[in-house]
Asker: 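Sending over a structure as structure tokens; questions will come in a sec.
Only a predicted model underlies this, so the values are computations on that prediction, with no experimental measurement involved. Residues take their numbers from the sequence shown, with the count starting at 1.
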Amino acid sequence: MINLYKAEYDRQHPKHGNIFLKIISLIIAVIVVLAVGSLDARAATEYSEICVSDEEYELLKKIVAAESQTQELEGRKAVVEVIFNRVLSEEFPDSIEGVLSQKGQFSTWRMRNDSWVEPEMAVEAIDAVMKDGRTVLPDTEYLFFSRGKSRYAKDYIKIQDHWFGRAR
């Protein structure tokens, strides 16, 4: 009996049922697009698996600022990328602090608390790399940078006054 009433209502008011279905379909489509978009954004970079604690973020700011104090944004981002590439590499420690404090790697480690280090100058570069991923270096194989070509690296790219290279 209810089906007869519904059928009669639909026959007399055909647009109402269609509009309701279109609105529901639109709402579902928007929800799906938003859900998929947020998943894509989180999985968008090679660096998405790197967890950076508040303490590591502070260390990263200090070291990136000290290592790239004369660099423009592109050079600072490349320094951040090298650090993240090392975290991902099996050749280096698997944490930000481990990479930054590794003996013989970052000469600025011992100067990280000096008054001349301006950590805030590194924030834009770090945040950009954490959000956008690798944008300066061609791939995650770039593990070294220095003011000159190093005997430990190959396939150099020069960005401002730093040379960036892959491991030999």
Asker: Could you tell me the separation between the CD atom of E141 and the CG atom of D155, rounded to the nearest 0.5 Å?
Answerer: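 Interatomic distance, E141 CD to D155 CG, rounded to 0.5 Å: 9.5 Å.
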Asker: Hydrogens and angles aside, do Q102 and R86 bring a side-chain donor and acceptor to less than 3.5 Å of each other?
Answerer: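 Their side chains do not contain a donor-acceptor pair, so the 3.5 Å distance test is not met.
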Asker: Give a yes or no on whether E58 atom CD has more than 12 heavy-atom contacts from other residues, nucleotides or ligands under 6.0 Å away.
Answerer: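 Counting neighbours around CD of E58, more than 12 heavy atoms of other residues, nucleotides or ligands fall under 6.0 Å, so yes.
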Asker: Check R134 against P138 and note the closest heavy-atom contact, atom names and distance.
Answerer: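 Smallest interatomic distance, heavy atoms only, reads NH1-O, 2.8 Å.
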Asker: ring-ring contact (aromatic ring centres under 6.0 Å, His included) with F84: which residues, sequence neighbours excluded?
Answerer: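 In terms of ring-ring contact (aromatic ring centres under 6.0 Å, His included), with neighbours along the sequence ignored, F84 is linked to Y47.
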Asker: Should F145 and Y156 be counted in the same cluster of Ile, Leu, Val, Met, Phe, Trp and Tyr side chains packed under 4.5 Å apart?
Answerer: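 Different clusters: F145 never reaches Y156 through Ile, Leu, Val, Met, Phe, Trp or Tyr contacts under 4.5 Å.
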Asker: Within this structure, what is the OG-CG distance for the pair S150 and L143, rounded to the nearest 0.5 Å?
Answerer: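 Rounded to the nearest 0.5 Å, the OG-CG separation comes to 11.5 Å.
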Asker: Going by salt bridge (Lys or Arg N to Asp or Glu O under 4.0 Å), name the residues that satisfy it together with E120, two or more places apart in sequence or in a different chain.
Answerer: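 Listed in chain order: K61.
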Asker: Is any side-chain heavy atom of Y57 closer than 4.5 Å to one of I96?
Answerer: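 The answer is no; the side chains never approach within 4.5 Å.
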Asker: Is any side-chain heavy atom of V82 closer than 4.5 Å to one of F144?
Answerer: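 Not in contact.
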Asker: Do I83 and F106 come close enough that some side-chain heavy atom pair is under 4.5 Å?
Answerer: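 Of all side-chain heavy-atom pairs linking F106 with I83, at least one is under 4.5 Å.
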Asker: Considering non-hydrogen atoms only, spot the tightest contact between P93 and G98 and give its length.
Answerer: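 Reported closest heavy-atom pair: CG-O, 3.4 Å.
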Asker: Mind checking what makes side-chain hydrogen bond (donor to acceptor under 3.5 Å, both in side chains) contact with S53, not counting sequence neighbours?
Answerer: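 S53: side-chain hydrogen bond (donor to acceptor under 3.5 Å, both in side chains) contacts with E55.
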Asker: What I'd like to find out is whether the side chain of E81 reaches to under 4.5 Å of the side chain of Y142, using heavy atoms alone.
Answerer: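 They are not in side-chain contact.
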Asker: Under 3.5 Å, which donor-acceptor pairs link side chains of residues 72-80 to any protein atom two or more places apart or in another chain?
Answerer:
| from | atom 1 | to | atom 2 | distance (Å) |
| --- | --- | --- | --- | --- |
| R76 | NE | Q71 | O | 3.4 |
| R76 | NH1 | M121 | O | 3.4 |
| R76 | NH2 | Q71 | O | 3.2 |
| K77 | NZ | T135 | OG1 | 3.1 |

Asker: Where do A65 and A122 come nearest, in terms of heavy atoms and distance?
Answerer: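 Minimum heavy-atom separation between A65 and A122: N-CB, 3.8 Å.
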Asker: Working to the nearest 0.5 Å, report the span between NZ of K62 and CG of D114.
Answerer: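 So the NZ of K62 and the CG of D114 are separated by 10.0 Å.
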Asker: Any side-chain heavy-atom pair from F92 and N85 closer than 4.5 angstrom?
Answerer: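 A side-chain contact under 4.5 Å is absent here.
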Asker: Show the nearest heavy-atom pair for residues S95 and E56, with the distance to one decimal.
Answerer: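 The answer is CB-OE2, 3.7 Å.
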Asker: Determine whether V117 and R112 make a side-chain contact, defined as any pair of heavy atoms from C-beta on separated by less than 4.5 Å.
Answerer: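 V117 does not reach R112 side chain to side chain.
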Asker: In Å and rounded to the nearest 0.5 Å, what is the CD1 to CZ distance from I157 to F164?
Answerer: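 The distance works out to 9.0 Å.
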Asker: Can you list everything that forms a salt bridge (Lys or Arg N to Asp or Glu O under 4.0 Å) with D139? Sequence neighbours excluded, please.
Answerer: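 For D139, the residues satisfying salt bridge (Lys or Arg N to Asp or Glu O under 4.0 Å) (neighbours in sequence not counted) are R166.
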Asker: Could you tell me which residues satisfy salt bridge (Lys or Arg N to Asp or Glu O under 4.0 Å) with R147, sequence neighbours excluded, listed by chain and number?
Answerer: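 Residues passing salt bridge (Lys or Arg N to Asp or Glu O under 4.0 Å) with R147: D161.
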Asker: Measure the CG-CD distance between L60 and E97 for me, rounded to the nearest 0.5 Å.
Answerer: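 Between L60 CG and E97 CD, I get 11.5 Å after rounding to 0.5 Å.
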